[in-house]
Amino acid sequence: MSPETSAAAGHHQDHPALAHHFDSLSQQTEASMLGMWVFLVTEVLFFGGALMAYSIYRSWYPDAFAVASHELDITLGTINTVVLILSSLTMALAVHAAQLNERGKLMIFLAVTMILGATFLGIKTVEYYTKFVEHHVPGPSFQFEPEYFNHAQIFFSIYFVLTGLHALHMIIGLGIMTWMFVWVKNGVIDKDYISPIEISGLYWHFVDIVWIFLFPLLYLIGRHVGTH
Amino acid sequence: LTWFRLPLFVWSHYATSLIMVLGTPVLAITIVLVAAERIFSFGIFDPARGGDPVLFQHLFWFYSHPAVYIMVLPAMGVISELIAAFCRKQVFGYTFVAFASLGIAILGFLVWGHHMFVAGQSVYAALIFSILSFLVAIPSAVKVFNWTATMYKGSISWETPMLYAIGFIGLFTIGGLTGLFLAAVGLDIHVTDTYFIVAHFHYIMVGGTIMAYLGGVHYWWPKISGRTYNELLAKVSAAIIFFGFNLTFFPQFIVGYLGMPRRYHTYPPEFQVLNVLSSAGASILGIGYLLPMCYLAWSLRYGKLAGSNPWGAVGLEWTTTSPPPTENFTETPVVTWDAYEYPTRVEGHVA
């Protein structure tokens, strides 16, 4: 199909990572980058559905949402936000190190990214635990001020769905980072083949950006001066 | 090979892929939300806790309306292939047909509310969804007109795939026109949840989509299996399916318009004749579907060898052997001609 089939027979042809259906590594990188972007588009629509439900109910029940939001731990939430932004920085530095072919630095930055990701999940676990203890998990054991009992349940339902899906993405991200770490260690990643690091980085940044939306939407309702 | 040398089948799949990429994740999150409600007793759509079941319907139809285009768009792509191959003609208005697929894909995302005219949405929402639903008729009609224009003064041969293609055009047109009835809010309220809907849906999904795919199976069967099937039996089956289909579903338009609701096991005695006709048609349709299974299975072992291009069609698939080797081509082909360039001057297309 491609007119440059024979022209692509460069030195990349023999690279072990080159899949048989691509002409060159750069073509392969382009295809896999596009693939990750398309996947991220599907993720936007995936979270978008739940955010749609959030928007509707928040506009219907603004008071209940504000009261329920105040039950979340804003200190832990803020720390987690900082942790994730830092992990995005170390991820960007990891990609940079990969581009400069600095293998040692690349492994260090991947490891730091993983540690920060795990820290986020640890703090999230503490928050979830508190919610269980306080009976703020929706369902038969839910307890709340009678005035907001029903609508606060909707808030916490959406809170657990959104943060739960986000945490699931973080766990998958940690798996991917472990995989990349092993690949760097084994020498699968080299100066001609860094696209797996770049693509994993795209995924990691996306998961961080989701949190950047979730944090204000869930933790900061009605916290600005003068309302509460 | 460039974008505008692609077969229209590929264009239709491009449009279908867009719908799948953009629509399916919304179904996924909807299922996650319902699962959270059912399994963990979360309150999201539960009206007892202030949740809104209509929100579920919105999220559901945001995917599930485009989903019908996932089914029908590739079928339209098949029809473009069949019409060109059996009329020995360039598809009339190739670029219009290609972009009509994209138009249907895009508009298909903006019409989901027409499933909810009686579900309690605002009159203004119903009005807008109604207008947008009418708009889908434009790219659909572009395709139908271009297929018939392709047939005009074409050198038509009446092999089995072409019979299915012509059947498709007729039945899809009926399904599409009754779709316009349903896009009109006033009429839709009258026939909501009646057999009229069932009939409309089946004219698109069975009369349209399944006829097209059966045509596609008969067209590409020699390529897939390397064997030809019994042409006479195939033509008879196509006729039986066409007759059986219409006998099954046309009475449902009438009985639905007269007010018979769907999803009930029983009906008033005055609807009996139409219901019996429908049941009889379904039996005939069943025979029509069984026959191809038999003669196609038979052909796998006893059919004549097909050769690489039994129809004398253009299209890359007909330049390779039947069935194609692993990876289809020994060398990546270079395409310098249009998708439906008849008469062919491509080596390998000439029998």
Side-chain angles (χ1 to χ4, degrees), chain A residues 1-8 20-23 34-35 37-61 63-65 68 136-142 144 148-165 168, chain B residues 1-3 5-7 10 14 17-63 66 109 112 316 326-336:
Chain A
M1 305 243 168
S2 161
E4 68 250 331
T5 316
S6 51
H20 73 276
H21 52 289
F22 287 114
D23 289 338
L34 177 67
W37 278 110
V38 171
F39 173 70
L40 294 184
V41 168
T42 70
E43 289 277 57
V44 168
L45 280 140
F46 182 71
F47 281 99
L51 290 172
M52 183 74 222
Y54 169 91
S55 318
I56 300 277
Y57 291 130
R58 185 174 163 187
S59 69
W60 283 0
Y61 313 125
D63 298 337
F65 266 51
H136 282 163
V137 180
S141 64
F142 187 75
F144 211 78
Y148 298 120
F149 181 81
N150 280 331
H151 300 160
Q153 263 197 87
I154 293 183
F155 173 85
F156 279 109
S157 298
I158 291 174
Y159 165 82
F160 276 106
V161 168
L162 281 172
T163 57
L165 287 174
L168 181 66
Chain B
L1 187 67
T2 59
W3 277 95
R5 286 180 193 150
L6 285 174
V10 177
Y14 180 61
S17 311
L18 283 178
I19 300 175
M20 290 204 253
V21 163
L22 297 175
T24 319
V26 178
L27 178 71
I29 191 69
T30 310
I31 291 170
V32 167
L33 292 172
V34 171
E37 183 153 301
R38 291 291 177 91
I39 300 168
F40 304 117
S41 311
F42 280 16
I44 294 164
F45 303 120
D46 178 7
R49 282 180 274 189
D52 186 9
V54 176
L55 176 63
F56 166 80
Q57 288 198 17
H58 276 293
L59 290 169
F60 173 81
W61 284 116
F62 182 83
Y63 163 77
F109 272 108
W112 78 88
L316 278 180
T326 311
E327 295 183 13
N328 299 338
F329 301 97
T330 40
E331 217 174 291
T332 307
V334 179
V335 177
T336 52

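As a basis for the values below, the full set of heavy atoms in this structure was taken, side chains included, without hydrogen atoms, waters or symmetry mates. Just so you know, these numbers come straight off a predicted model, no measurement behind them. All chains are named by letter (A, B, ...) in the order of the sequence lines, taking the proteins before the strands, and each is independently numbered beginning at 1.
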For B:Tyr63, all residues meeting side-chain hydrogen bond (donor to acceptor under 3.5 Å, both in side chains), sequence neighbours excluded: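 With sequence neighbours excluded, B:Tyr63 shows a side-chain hydrogen bond (donor to acceptor under 3.5 Å, both in side chains) to no residue whatsoever.
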
Considering only heavy atoms, give the residues of [range] separated from chain A by less than 4.5 Å, sorted numerically, with 'none' for an empty result.
range: residues 30-40 of chain B; result: B:Val32, B:Leu33, B:Ala36, B:Phe40
range: residues 47-55 of chain B; result: B:Ala48, B:Arg49, B:Gly50, B:Gly51, B:Asp52, B:Leu55
range: residues 18-25 of chain B; result: B:Val21, B:Leu22, B:Pro25

At a 4.5 Å cut-off on heavy atoms, which part of [X] comes close to chain B: side chain, backbone, both, or neither?
X: A:Phe155; value: neither
X: A:Val38; value: both
X: A:Ile154; value: both

Look at B:Leu27, B:Leu59, B:Ile44 and state which one has the largest set of heavy-atom pairs under 4.5 Å with chain A.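 Max contact count across the listed options: B:Ile44.
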
Exceeds 12 heavy-atom contacts within 6.0 angstrom, atom CZ of B:Phe109: yes

What residue in A:Gly49, A:Ala53, A:Ala50, A:Pro138 has the most heavy-atom pairs under 4.5 Å with chain B? A:Pro138

How long is the straight-line distance from CZ of B:Phe45 back to OH of A:Tyr57, given to the nearest 0.5 Å?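 Reported value, rounded in 0.5 Å steps: 6.0 Å.
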
Apply the test side chain to side chain contact (heavy atoms under 4.5 Å, CB included) to residues A:His20 and B:Glu327: give CA-CA distance (whole Å), side-chain angles for both, the deciding distance (0.1 Å), then the verdict. CA-CA 11 Å; A:His20 73 276; B:Glu327 295 183 13; 3.3 Å; yes

Do B:Ile29 and A:Leu165 touch side chain to side chain, with heavy atoms closer than 4.5 Å?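 Counting from C-beta outward, B:Ile29 and A:Leu165 do come under 4.5 Å.
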
With a 4.5 Å heavy-atom cut-off, do A:Phe46 and B:Val26 have their side chains touching? no

For a quick test of reading the model, state the closest non-hydrogen atom pair linking A:Ser157 to B:Gly43 and the distance between them.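 Closest pair (atom of A:Ser157, atom of B:Gly43, distance): OG-N, 2.8 Å.
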
